[in-house]
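Step one of this worksheet: look at the structure below.
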Amino acid sequence: HKRHCQSRNHPPMKLALPLTAADAFSPHYGAAAKFTVFAVDPATRRIERELVVVPQDSEPCQWPRLLRAAGVDLVLAGRMGRGARAHMAEHGVDVLAGVPEAPPAELVMAWLEGRLVTGPNVCDGAGVHPAGSHHDDAGGCHCAH
């Protein structure tokens with residue numbers, strides 16, 4: 001019998017989700033206080049590790065660099081403006097926006113199992129945004145890019 005084993009030469013994939021100060025999923029990326037990073041194995045559909053990353057600077061423009069340094073491949077976000085998504089892409093971090101509010105581990109498991117249903121990303125321009133969110137009406141994040 002042949003056994004199919006996944007090589008441990010490949011590092012696990014890392015997903016990040018924005019969190020509120022109370023450790024709940026933050027529906028708006030620009031209002032996040034910190035991130036939870038999940039190291040996952042898509043082949044076995046398992047969460048291997050979880051850690052919380054607290055940015056030293058509350059300015060979201062610094063977060064893509066921090067997340068890339070932590071090895072993050074993909075951010076699961078509720079609402080994220082175009083400028084913030086472009087900034088993530090510049091740092092090699094993919095974004096899946098329109099993620100519904102739910103406990104972070106449940107969202108990651110739904111993604112791993114291919115059953116995560118996303119809705120519209122309602123942060124694609126002007127509109128009402130939470131106090132303290134950091135982007136302009138064009139969906140940017142006030143970065144000098």
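Just the heavy atoms: all of them, side chains too, but no hydrogens, waters or symmetry mates, feed the values below.
- In plain terms, the two heavy atoms of Pro12 and Ala39 that are nearest each other are CG-CB, 4.0 Å.
- The shortest side-chain heavy-atom distance between Met80 and Pro18 does not fall under the 4.5 Å cut-off.
- Remark: the backbone N or O of Lys14 is paired with a side-chain donor or acceptor of Asp73 at under 3.5 angstrom.
- Residue Gly92 comes nearest to Arg68 through the heavy atom pair O-NH1, 3.1 Å, listed as atom of the first residue, atom of the second, then distance.
- Relative orientation of the Tyr29 and Phe35 rings is tilted, given thresholds of 30° and 60° on the angle between their planes.
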Run Leu66 and Gln56 through side-chain contact (heavy atoms from CB on, under 4.5 Å) and show every step you take.
CA-CA 10 Å; Leu66 172 76; Gln56 290 182 354; over 6 Å; no

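- In summary, of the residues considered (Leu74, Val75, Val108), a side chain to side chain contact (heavy atoms under 4.5 Å, CB included) with Leu17 occurs for Val108 alone.
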Run Leu15 and Leu96 through side-chain contact (heavy atoms from CB on, under 4.5 Å) and show every step you take.
CA-CA 10 Å; Leu15 281 65; Leu96 178 61; over 6 Å; no

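- Closest of all the heavy-atom pairs between Lys34 and Ala21 is NZ-O, 3.4 Å.
- Put simply, the side chain of His91 never gets that close to the backbone of Val93: no donor and acceptor are under 3.5 Å apart.
- Side-chain contact between Val99 and Trp111: absent, with no pair of heavy atoms (C-beta onward) separated by less than 4.5 Å.
- Of all heavy-atom pairs spanning Pro42 and Val40, the tightest one is CD-O, 3.5 Å.
- The two residues Leu107 and Pro100 have their closest heavy-atom pair at CD2-O, 3.5 Å.
- Between atom CD of residue Glu106 and atom CD of residue Glu101 there is a gap of 12.5 Å, rounded to the nearest 0.5 Å.
- For the residue pair Leu19 and Ser26, the shortest heavy atom distance occurs at C-CB, 3.7 Å.
- Cluster annotation: Trp63 is not connected to Val54 through the hydrophobic network of ILVMFWY side chains, with a link wherever side-chain heavy atoms come within less than 4.5 Å.
- How far CE of Met109 is from CZ of Phe38: 10.5 Å, rounded to the nearest 0.5 Å.
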